[in-house]
K.L.:
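So that we are looking at the same thing, I have put the structure below in structure tokens.
We count ligands from 1, going down the list as the structure has it; atoms in each ligand are counted the same way.
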Amino acid sequence: MAALFFERLFSIYHESWAGFLVKCQDDTEEELITVGTKTKDNVRKFKYLKEDFGELSVKLEHLTIYLNFLGEKVEASNCIQMAAVKGLDKIDLDAKELEIKSVEWVSGPEDNRGEALKFEYLREKDRLIVKLPRRVESGERFFIRSRTVCTPADHIFEGIYKDTTPPGAPQQYISQCQQWGFQRIMPVFDDCRAKCTMTTTIEADSRYTNLVSNGNVDRRLNPDGTPVPKPGDPARQVITYENPVPMAPYLFFVGAGTWDTLADEVAYPSGRKVRLEYLVPPGSIEAARIPMEILKESVLWVGKTQDYEYPFDTYRTICMTKSNFGGMENLGNTTIVTDAALITEHTLDATLLYAHAVIVHEFEHNQCGSETTMETPFDVWLNEAYTVDVERQFMADLFDPAFTRLNQVDSIRAPLLGPLTIEDAGHFGRIVREGFNDPDELIDGVTYVKAAEVIRMLRLLIGAEAFRAGKTLYFSRHRAGNANTDQFFECFEEVSGISLKQFKSEWLMRIGYPKVSAATGYDEKKRQYRIGLRQELKDGEEPFCLPVELALVNKAGQDIAGTQRVITFKDREAQIIFEDITEAPAFASMNRDYSFYGTFTHTNADAASLAMQTRLDPNAYNRVDAMRKLTDIERVKLLNDPSAEINEEWLSLWGSILSDEKLPFSLKAYFLRIDEQPLDRKYTTWYQEMVAARERLASAVNARYRGKLVEEFKRLASLPAKSLNDGIEVRMLKNIFLDIIAVEDSPESHRLILDSFDNASTASERVAALTALNRSTSSARKAILEKVYTEWQPHLSGYANYLRVVSSGTREDVFDMIERESSRSTFDVTQPTWCRALFLTMAGNNKAVWTDKGIRWAADTVVSLAPINATTASRLLNTFQHVKSLKPQLREKVSAALERIVELVPENVCPTIHGQARTYFKG
Ligand SMILES: [Zn+2]
């Protein structure tokens, strides 16, 4: 999944993508005895533990499915062909919120005179226990047919659910099966290991343009590849799909809807062609043209760099309007949330980048996930982390690699849902979980961001060549099967000869990240340069095994020959000695490109050497990082003493970067950006002080360089974008300038903001200007916002942009404005894209949310959202995850808010929110 959204956190300044991740699945059938251990469940911390995923009692072979869409209900007939793995008297199927009509013992899918079987439906356990008519012996093949009915929901986005219906069309239905959605459609062994082939027939209203499922259309029954009228009933149509490849149930997809289709094809170097389809809302074909080009590039890129060729006839991308995730790889039928699937005049640059990422991500899942599948949800990180790593390589190929790495590190440090933040709270952070209560818990920044860093570190430690050999072995050894975490690492150990025991235990099995410090020194007499590395460890903690990429840099800004290396640092302390260094290096460039996940401090780097590194480091990432460290010194000073003087040298360095004509736009944007969040994690929860310190710093540079800032802003506004890539980077820098200029709430700023809004040619520019306007005292503010509402509201993404602007407001009326938006007739709280835009944006709005009003608003909103969309409510609740590290006054208020949430959201209404709030409250 990408989900989450796509599976991911793409946090780019000003745009809250916090709501987006991707997702994945699973559960196991168990013997009745396990179902009976209910009392044990009550004392354990997690509903699901690894031990719950015992061996399957059968080997699944084939499903013959008939799905009949009948108004508000969907009838399902499923003939399961399987072979017993051991002697059996009964089988346990997963079945959630279904109406069970019958279960029969049949001789095959064609057998219409089956023998009715006794069954017991344990609704609270989501289990259907079917008594077999006789004992089935190990190895014996047998068939069971179930006839059941499910009721698609409109705000539970799992199983078959109601998506947004185009005007005049019959109700749109799509499905989401990861992790356990299949069992909401019909009884099944809803387990990643229950891979089998399928024949799926869909019957529905003949007005639908498409009836879709996995596999190839059965041309004997549907010669044109499209549905045929149902014999004797022209108001109905029927289509049959054959899926010849064993597939896990979480990858199942069914859709009955009204779409326009953009079709194209891509040819591999071998000449083999794959048909590509985009199923889009009626009238949106044009908006799928850029995504189609990205997809074609992705397919060929994956073929070239990942040695994977898509084996089926057609690869389809389906727009889904309502989802908690960004995308889902349903083998051959990827769903992508419409907001990111279509590129329109309302697409923000962050979404455009996300669109590239999610397209290649979901396509790569054909190899990693669909073909080679995780064994249980405890291995979901493998599916996702590896896939995110591939997606990141694609992004680094397409865009400036330093820019993409800076973006990734932003998602690591993201203040609400980034993994460092999650780990700081101390409750979550283990990549291989101890247990879980709901599989959606696994779709978070730990799985998608921290775990992807683990894959990156593995490659750095064993080298790119061994990594490639290891992944080739992994995908060939486990092709068409399942694999677990140990099996994955075994492949890399085998090819590299390196033990990964310590690497695995520390990175996968514990909460927390390494805190590394380095002290450096040059001995002129011995011509030696020394680096002492140290990991900060508490009693009983083992050190992490991590890669430190580094080089020594001379005063001309070049790496000193022979000093570039990747150090495997696996002890509490290590000494690295460089011999024959004839001249004192300018500095050591360490932890290049953020080579390991965690924090890194160079203890004896003074401001002068950081300033030198800012100018000279050949590693662009580290140049930016050096500047950020200097900015952090100023920030921390202001956090502790709001009236402290701002350092002149920092101000003049900032000014010299502003005037540097040679810097690429995106790097310049990163250099000059003044974040609220400090690098020093000791201060990351000083929210109110962070806001004030950021305003002081931005005001100081604005006061000093106002003329130049305005001039540069105007110059960039007049630059024609040379390319897509170039355009994104120019706008990023332009928006950073505007953000700083707007810190001065003057008529001149207002004029500039309004000009910028009027002349904007892209959504990112319009949204940046409107955000600045909404934070200002401009008298034009309200009227323009209302006009924008009218213009943007009819468009899914445009409306979301408008809602983000409202929720990023910092004026005293921001909560009244949110209230007004949420009660407008056009706002639909069950539409997750809008819900995230209006509510989650506030979670990152430190200036507003950490006020008394803001804390009350967040608690009230979590309470009211919990029964409607637990996923969004849960992400909003993350705002309070650091309650224990807040300063006493805030802590008291947030504790009271959490107590109220625990009280007002009982466990039986929403276990996720109740449990999460209780965890934060009790610590
Ligand atoms: Zn994924």
Side-chain angles (χ1 to χ4, degrees), residues 1-10 17 19-26 157-158 175-181 192 247-253 294-295 298-299 302 306 308 310 315 317-318 320 323-337 340-341 353-395 408 411 417 419 431 433 439-456 471 474-475 482-483 485 488 871:
M1 210 132 94
L4 175 190
F5 192 104
F6 150 119
E7 322 173 356
R8 265 161 131 66
L9 303 149
F10 221 73
W17 279 101
F20 291 116
L21 290 182
V22 183
K23 140 190 191 174
C24 276
Q25 142 313 328
D26 172 275
F157 308 124
E158 197 175 61
S175 69
Q176 166 67 49
C177 286
Q178 190 170 10
Q179 194 58 58
W180 292 329
C192 294
M247 180 184 93
Y250 80 90
L251 294 166
F252 181 75
F253 179 79
I294 300 171
L295 175 60
S298 298
V299 171
V302 167
Q306 307 300 314
Y308 174 80
Y310 183 73
Y315 181 80
T317 302
I318 302 159
M320 59 174 172
S323 176
N324 286 324
F325 305 98
M328 175 65 205
E329 71 286 7
N330 308 292
L331 192 63
N333 291 292
T334 285
T335 42
I336 298 185
V337 70
L353 289 169
Y354 181 77
H356 285 80
V358 73
I359 288 169
V360 74
H361 179 109
E362 302 304 358
F363 185 76
E364 168 58 25
H365 268 316
N366 286 301
Q367 176 180 35
C368 179
S370 305
E371 197 173 81
T372 299
T373 310
M374 61 193 165
E375 189 176 271
T376 72
F378 290 90
D379 310 301
V380 67
W381 78 272
L382 264 187
N383 263 23
E384 295 309 332
Y386 184 86
T387 304
V388 171
D389 184 70
V390 169
E391 160 207 322
R392 287 167 159 201
Q393 294 173 45
F394 178 70
M395 297 300 277
Q408 289 158 12
S411 68
L417 298 171
I431 289 177
R433 316 291 164 118
D440 280 359
E441 289 166 24
L442 310 175
I443 308 308
D444 65 0
V446 174
T447 295
Y448 284 86
V449 183
K450 178 183 178 181
E453 290 297 312
V454 170
I455 301 291
R456 189 179 187 277
K471 72 105 189 167
Y474 173 71
F475 286 123
N482 297 86
T485 300
F488 176 77
T871 308

K.L.:
Within a strict 4.5 Å, meaning less than it, do heavy atoms of the L442 and E384 side chains meet?
P.N.:
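Result no, sub-4.5 Å side-chain heavy-atom pair not found.
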K.L.:
Relative to the ring of Y386, is the ring of F475 parallel (under 30°), tilted (30 to 60°) or perpendicular (over 60°)?
P.N.:
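Rings of F475 and Y386: perpendicular, over 60°.
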K.L.:
Treating T317 as the side-chain partner and T334 as the backbone partner, does any N or O pair qualify as donor plus acceptor under 3.5 Å?
P.N.:
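No, because the side chain of T317 does not come within donor-acceptor range (under 3.5 Å) of the backbone of T334.
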K.L.:
State which residue, out of T387, V302, V299, fulfils the side-chain contact (heavy atoms from CB on, under 4.5 Å) condition with V360.
P.N.:
V302
K.L.:
Quick one: angle H361 NE2 - the Zn ion (ligand 1) - H365 NE2, to the nearest 10°?
P.N.:
100°
K.L.:
Could you pull out the atom name of the N/O/S atom in E384 that is nearest the Zn ion (ligand 1)?
P.N.:
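In E384, the heteroatom (N, O or S) nearest the Zn ion (ligand 1) is OE1.
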K.L.:
Would you check if the Zn ion (ligand 1) lies under 2.8 Å from any N, O or S atom of E329?
P.N.:
no
